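Data first, discussion second: the structure below is written as structure tokens.
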Amino acid sequence: MNYFGLFFTFMIPGIIIGTMAAAAAKQAADRRRRQAVKACREAMRTVPRNKLYICTLEKDAKAA
């Protein structure tokens, strides 16, 4: 049996393709993480409409 031929026919391409797949998965995960951080920062920068006015006239009347 030609083990030298088997090694170079299956093992080396498998290692190369596996390394490329792992690098692509890592890049995709990094991109998702960066997008999540960006979305979180953007969400913190904007103020929701219902949070703009939180005092009521009753609180102001009691304070005066």
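Quick caveat, the model's predicted, so the values are computed rather than measured.
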Nearest 0.5 Å, what's the CZ-CD1 distance between Phe10 and Ile15? 13.5 Å
Looking at Asp30 and Arg34, is there a salt bridge between them, counting it only when a charged N and a carboxylate O are closer than 4.0 Å? no
Is there a path from Phe4 to Ile12 through hydrophobic residues (I, L, V, M, F, W, Y) whose side chains come within less than 4.5 Å of each other? yes
